[in-house]
Colleague: 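Right, I'll just put the structure down here and ask away after.
Bear in mind the structure is a predicted one, so any value in this text is a computation, not a measurement. Naming: A, B, ... by sequence-line order, numbering from 1 per chain.
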Number of protein chains: 2
Amino acid sequence: MSPASTLSRESAQESILRSADQLFYERGIAGVGMADVRDSAGVSLRRLYSLHPSKSDLVAAWLEDRHQTWMRWFADSVDRQVVDGVEPVRAILGAIEEWATSPGYRGCAFLNAIAETTEIDDRHRAIVADHKRALIQHVSVVVHGAYPSAPEWFASALGVLIDGAVVDSAVFGSLAPIADASSAASTLVDSFT
Amino acid sequence: MSPASTLSRESAQESILRSADQLFYERGIAGVGMADVRDSAGVSLRRLYSLHPSKSDLVAAWLEDRHQTWMRWFADSVDRQVVDGVEPVRAILGAIEEWATSPGYRGCAFLNAIAETTEIDDRHRAIVADHKRALIQHVSVVVHGAYPSAPEWFASALGVLIDGAVVDSAVFGSLAPIADASSAASTLVDSFT
DNA sequence: TTGCGGTGAGAACGATAGTTCTCTATGGTG
DNA sequence: CACCATAGAGAACTATCGTTCTCACCGCAA
């Protein structure tokens with residue numbers, strides 16, 4: 001086995017990704033050095049680089065990981081509320097509100113990452129675009145199941161409302177944009193039925 | 001007078017702000033060094049620092065300047081379309097579309113700046129929040145003038161739709177989110193009348 | 001004419017950070 | 001037991017960048 005002071009490959013990987021998530025989300029990608037990740041994860045720089053050969057690779061791994069985690073959480077939150085009898089479209093914005101209320105909320109990590117990306121890092125851009133597509137896809141399933149008469153563009157428009165609400169709530173440090181988005185979404189649903 | 005090779009204080013200031021706008025918007029704040037601004041503006045580092053004592057000051061001056069410029073452009077674009085008979089709410093999203101179609105479009109400079117801001121630079125945050133408030137204020141005047149029966153939250157919701165459309169169009173490199181936002185906004189207006 | 005203030009050009013300084021390298025130790029395998 | 005791949009600790013290398021400093025120059029006022 002490994003020495004007591006070192007972690008297995010899996011534990012190290014997990015610890016690195018958890019630390020990367022905390023640090024990158026809280027302080028931004030540029031605001032976090034590899035040494036910070038090393039300190040927080042409790043691994044050596046050597047190990048960090050052996051698992052993620054560059055910072056760009058680490059960021060990509062982090063985004064992929066966060067995509068999985070966040071989508072799972074979002075889907076669960078929406079499902080939970082719908083089961084409790086909340087209107088689907090309200091449940092979607094309710095999940096966003098729940099997220100925005102959590103401590104340390106700093107908006108969407110993916111959008112922040114894109115805004116920070118200075119050079120043309122196509123890999124990161126692609127991950128973010130895929131994340132947004134997956135979000136709209138999920139919203140689309142929920143919404144067109146619940147409101148069959150909704151027009152084609154409704155799921156995409158909800159995606160726009162979600163991203164706008166997330167961004168604005170972070171800018172203003174307020175839940176009001178989410179409430180406004182929720183009102184708008186509900187009004188749209190009412191207009192279809 | 002100044003020597004031929006040097007610019008007046010005003011010309012230098014103008015040149016610096018124009019260069020800062022191009023560079024910061026195109027490559028992000030962190031991606032631009034003071035030396036880059038110097039080269040592009042054609043002034044010396046000494047002069048650059050005498051007009052803007054730190055990079056943070058320069059960024060603040062740039063954001064203030066861009067706020068003025070952008071708001072003026074936006075208001076004009078909306079007015080122009082309304083005069084041409086375009087529905088006000090369509091005109092608002094039309095202005096966003098016109099912007100997003102312009103070469104070098106990289107989303108909202110203010111939102112990008114916020115996302116990049118790692119430490120708590122309250123000055124920059126405040127400028128961005130003021131910009132968004134001013135945008136919503138303008139939208140509010142236009143919209144509540146044109147649709148008196150619109151509910152209180154409508155202008156704010158339009159602000160959310162605008163920011164979402166801006167962000168998503170930059171992420172996807174597509175005008176589709178703007179069209180979706182426009183459809184949603186028009187449908188909302190129809191539902192009030 | 002002689003300083004003085006402001007300027008350009010660019011070197012220099014100090015800090016930070018991505019990445020690699022050295023040295024040492026440890027545990028599994030032949 | 002000896003060997004080797006791998007790990008930790010941290011120094012070292014290299015590059016970038018914000019900021020300041022040096023030196024030379026020029027126009028203007030006393």
Colleague: Any ion pair linking B:Asp163 and B:Lys132 (charged N to carboxylate O, less than 4.0 Å)?
Modeller: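 Result for this pair is yes, salt bridge flagged.
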Colleague: I need the CG-C1' distance between B:Asp39 and D:dT16, as an integer number of Å.
Modeller: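 Computing the B:Asp39:CG to D:dT16:C1' distance gives 14 Å.
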Colleague: Strictly under 4.0 angstrom, non-hydrogen atoms only: write out the protein contact profile of nucleotides 13-23 of chain C, one letter per nucleotide from the 5' end, B, S or -.
Modeller: -----SBB-B-
Colleague: Separation of A:Leu48 atom CG from D:dG8 atom P, in whole Å?
Modeller: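 In whole Å, D:dG8 P and A:Leu48 CG are 10 Å from each other.
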Colleague: List in chain and number order the residues that pass salt bridge (charged side-chain N to carboxylate O under 4.0 Å, His left out) with A:Asp39, two or more places apart in sequence or in another chain; answer none if no residue qualifies.
Modeller: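 Partners of A:Asp39 by the salt bridge (charged side-chain N to carboxylate O under 4.0 Å, His left out) criterion come out as none, since no residue qualifies.
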Colleague: Side chains of B:Ser191 and A:Ser191 only: does a donor on one sit below 3.5 Å from an acceptor on the other?
Modeller: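 Judged by distance alone, the side chains do not pair up.
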Colleague: What's the CZ-C1' distance between B:Arg38 and D:dG18, to the nearest Å?
Modeller: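 Going from CZ in B:Arg38 over to C1' in D:dG18 covers 12 Å.
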Colleague: Below 4.0 angstrom from OP1 or OP2 of D:dT6, is there any side-chain N or O of A:Arg47?
Modeller: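 Negative; the distance criterion is not met.
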Colleague: Rounded to whole Å, please give me the gap between CG in B:Leu51 and C1' in C:dG8.
Modeller: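 So the two atoms are 14 Å apart, to the nearest Å.
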Colleague: Just jot down the salt bridge (charged side-chain N to carboxylate O under 4.0 Å, His left out) partners of B:Arg46, sequence neighbours excluded, or say none.
Modeller: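 Expected list: none.
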Colleague: Charged N to carboxylate O under 4.0 angstrom, A:Asp21 versus A:Arg18?
Modeller: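 No salt bridge links A:Asp21 with A:Arg18.
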Colleague: For A:Gln13 and D:dA7, give me the distance from atom CD to atom P, rounded to whole Å.
Modeller: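 A:Gln13 atom CD is separated from D:dA7 atom P by 12 Å.
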Colleague: Between B:Tyr147 and B:Pro88, is any pair of side-chain heavy atoms under 4.5 Å apart?
Modeller: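 Yes, side chains in contact.
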